[in-house]
Amino acid sequence: MPRPTVVRAIDTVMDRTLVLGYSRIGLGVRRALPGWPADPLPRALEGRHVLVTGASSGLGAATVAGLADLGAVVHMVVRDEAKGAGVADRIRDAHPGAELRTWRCDVADLDDVRRFATGFVADVPDLHAVVHNAGVMPPERTESPQGLELSMAVHLVGPVVMTEALRGPLTGGRVVLVSSGGMYAQPLHADDPGYTTGDYSPTTSYARSKRWQVELAPVLADRWGADGTTVATMHPGWADTPGVRESLPTFRRLTRPVLRDDAQGADTSVWLTAVEPAPPTGRFWHDRVERPTHLLPTTRGSDRDRDRAWSWLRVAAGLEDTAAP
Ligand SMILES: NC(=O)c1ccc[n+]([C@@H]2O[C@H](COP(=O)([O-])OP(=O)(O)OC[C@H]3O[C@@H](n4cnc5c(N)ncnc54)[C@H](OP(=O)(O)O)[C@@H]3O)[C@@H](O)[C@H]2O)c1
């Protein structure tokens, strides 16, 4: 059996050589090595309520299925009710006994997020976790109904507004933000959250917003830690989802044989939600292990950048109006 230092070295090498670590190869090797973090206990979430956004496709649907298998009542937040109902039916067929409810909400539209949350809080008094999985890669610069750049609205501001509005039932619970390994390529552009300068690139806009999630996770962890709620950001590796097929067809053609399936991509989201005790808050995870938030010296920002980013987010998410820290 390899020694723990050797296992860690293998894991780190795979992590840095993206193709190995992010593909199904990485997950397969890591699972086979000693020290792979244990699965949550069977039925670990029995009777607990969990909310998953972007539940109508790819990793979100797989996360719903994984959590339902652990006994959770899963609230599937979707923007297209008919599509969501179809996905819920397919999950119920494949996972008999799955307890699922669908809710409609456009995570990009902060008014809709607040409407949804008001109804949800009235109906669900105790929420174990929220998995903010909804994701987009807008082909052109696009603005949300409130005038935010769309990637930032879907990946950051919408999730923060939703979590704030759910703080009551979520007390003592968990927040998981699905980020992306793409964020390693981008610094925190605290000076331009709206991507108003420079040529727009879909992958850059996507990666910037995912960087914001990771950079602000420790601040959000402090804020929601006042309620005993933990925050995790994670990246799923590379999975062959409808989103990847549509937004990254060339990448998919080149990597298809090694892409993860949806359940493999969802593994760490499910693990972070269900494992006991809750993993330490404010950290970034991949394949059940905490990962560095920077691999390149060029992406490291200053405390001033993070303060500026937090000030912007407080205004964008309307946190200035609330009394909480
Ligand atoms: N697949 C990968 O390799 C990979 C890698 C790194 C990170 N991720 C992240 O993993 C998450 C899931 O990605 P995926 O690959 O499963 O993508 P996907 O198949 O495109 O699924 C994205 C989901 O987000 C929903 N969504 C998008 N905009 C929304 C909005 N405004 N309001 C509510 N829901 C919205 C979509 O709804 P519709 O079904 O209505 O379109 C869909 O259910 C994303 O955050 C993505 O960035 C994926």
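Each residue takes its place number in the sequence, starting with 1. Keep in mind the model is a prediction, meaning the values are calculated, not measured. As the structure lists them, so they are numbered: ligands from 1, and atoms in each ligand from 1.
- Compare P138, A239, G54 by their heavy atoms: the one nearest to atom 1 (N) of ligand 1 is in A239.
- Using a 4.0 angstrom heavy-atom cutoff, G84 does not count as in contact with ligand 1.
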Please step through salt bridge (Lys or Arg N to Asp or Glu O under 4.0 Å) for the pair D106 and R115, ending with a clear verdict. CA-CA 10 Å; D106 180 346; R115 172 205 58 79; over 6 Å; no
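- Any N or O atom pair closer than 3.5 Å counts here, and L59 shares at least one such pair with ligand 1.
- Proximity of the aromatic rings of H235 and Y22 is defined here by a centroid distance below 6.0 angstrom, and this criterion is met.
- Residue V178 has at least one heavy-atom neighbour below 4.0 Å for each of these atoms of ligand 1: 9 (C), 10 (O), 11 (C), 45 (O).
- Heavy-atom proximity to V244, at under 4.0 Å, picks out these atoms of ligand 1: 1 (N), 2 (C), 3 (O).
- Judged by the shortest distance from any of its heavy atoms, Y206 lies inside the 4.0 Å radius around the atoms of ligand 1.
- Of the candidates T163, V160, L166, T163 is the only one forming a side-chain contact (heavy atoms from CB on, under 4.5 Å) with V175.
- Residue contacts with ligand 1 do not include A153, since none of its heavy atoms lies under 4.0 Å from the ligand.
- Under the 4.0 Å criterion applied to side-chain N and carboxylate O atoms, R101 and D123 are assigned as salt-bridge partners.
- Shown in contact with A108 at under 4.0 Å from a heavy atom are these atoms of ligand 1, numbered in order with element: 31 (N).
- Atom 20 (O) of ligand 1 has as its closest protein heavy atom G243 CA, 3.1 Å.
- When hydrogens are left out, the protein atom nearest atom 43 (O) of ligand 1 is S56 OG, 2.8 Å; that is the closest non-hydrogen contact.
- At least one heavy atom of P236 lies less than 4.0 angstrom from ligand 1.
- For H132, the closest heavy-atom approach to ligand 1 does not fall below 4.0 Å.
- The residue A61 has no part lying near ligand 1, judged by heavy-atom distances below 4.0 Å.
- Among protein heavy atoms, the minimum distance from atom 11 (C) of ligand 1 is reached at N133 O, 3.0 Å.
- Note on Y206: it clusters hydrophobically with M183, by side-chain heavy-atom contacts below 4.5 Å among ILVMFWY residues.
- Test V50, L45, L41 against L70 for side-chain contact (heavy atoms from CB on, under 4.5 Å) and you get one pass: L45.
- Taking both residues in full, the closest heavy atoms of Q146 and A108 are given as OE1-O, 3.6 Å, listed atom of the first, atom of the second, then distance.
- Checked for salt-bridge contact, D89 and R92 meet the test: a charged N lies under 4.0 Å from a carboxylate O.
- Using a 4.0 Å cut-off to heavy atoms of V136, the atoms of ligand 1 that qualify are 27 (C), 28 (N).
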Check the pair F116, T53 against side chain to side chain contact (heavy atoms under 4.5 Å, CB included), reporting the backbone distance first and the verdict last. CA-CA 12 Å; F116 154 74; T53 70; over 6 Å; no
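- The contact set between ligand 1 and A134, taken as ligand atoms under 4.0 Å from a residue heavy atom, comprises 24 (O), 26 (N), 34 (N), 35 (C), 45 (O).
- Using 4.0 Å as the threshold, D106 has a heavy atom nearer than that to some atom of ligand 1.
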Could you walk me through whether D267 and R30 pass the salt bridge (Lys or Arg N to Asp or Glu O under 4.0 Å) check? CA-CA 12 Å; D267 176 80; R30 286 174 175 135; over 6 Å; no
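- Residue contacts with ligand 1 include K83, since one or more of its heavy atoms lies under 4.0 Å from the ligand.
- Among protein heavy atoms, the minimum distance from atom 22 (C) of ligand 1 is reached at G135 O, 3.6 Å.
- Nearest to atom 5 (C) of ligand 1 among the protein's heavy atoms is G237 O, 3.1 Å.
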Given R288 and D39, is the salt bridge (Lys or Arg N to Asp or Glu O under 4.0 Å) satisfied, shown in steps? CA-CA 10 Å; R288 304 187 181 189; D39 289 345; 2.8 Å; yes
Applying side chain to side chain donor-acceptor pair (under 3.5 Å), run through H49 and E99 and close with a yes or a no. CA-CA 10 Å; H49 291 249; E99 278 196 70; over 6 Å; no
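- Remark: minimum distance from atom 41 (O) of ligand 1 to any protein heavy atom is reached at R79 NH2, 2.9 Å.
- Of the listed residues (Q213, M234, H286), just one forms a side-chain contact (heavy atoms from CB on, under 4.5 Å) with S179, and that residue is Q213.
- Annotation for ligand 1: atoms under 4.0 Å from non-hydrogen atoms of G58 are 16 (O), 19 (O).
- The shortest N/O to N/O separation between V78 and ligand 1 does not fall below 3.5 Å.
- For ligand 1, the polar-atom distance check against K210 finds a nitrogen or oxygen pair separated by under 3.5 Å.
- Atom 15 (O) of ligand 1 has its closest protein heavy atom at T241 OG1, 2.5 Å.
- Shown in contact with C105 at under 4.0 Å from a heavy atom are these atoms of ligand 1, numbered in order with element: 32 (N), 33 (C).
- Residue W238 places no N or O, backbone or side chain, under 3.5 Å from any N or O of ligand 1.
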Would you please test E164 and R314 for salt bridge (Lys or Arg N to Asp or Glu O under 4.0 Å) and show each step? CA-CA 11 Å; E164 278 291 316; R314 285 177 65 91; over 6 Å; no
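- Protein heavy atom in closest approach to atom 42 (C) of ligand 1: S57 CB, 3.7 Å.
- A cation-pi arrangement is absent between R141 and Y195 under the rule of less than 6.0 angstrom and at most 45 degrees off the ring axis.
- Taking a 4.0 Å cut-off on heavy atoms, S144 fails to register as neighbouring ligand 1.
- Under the 4.5 Å side-chain heavy-atom criterion for Ile, Leu, Val, Met, Phe, Trp and Tyr, L100 and L67 are members of the same hydrophobic cluster.
- Here D305 does not pair with R308 in a salt bridge; the nearest charged N to carboxylate O distance is not below 4.0 Å.
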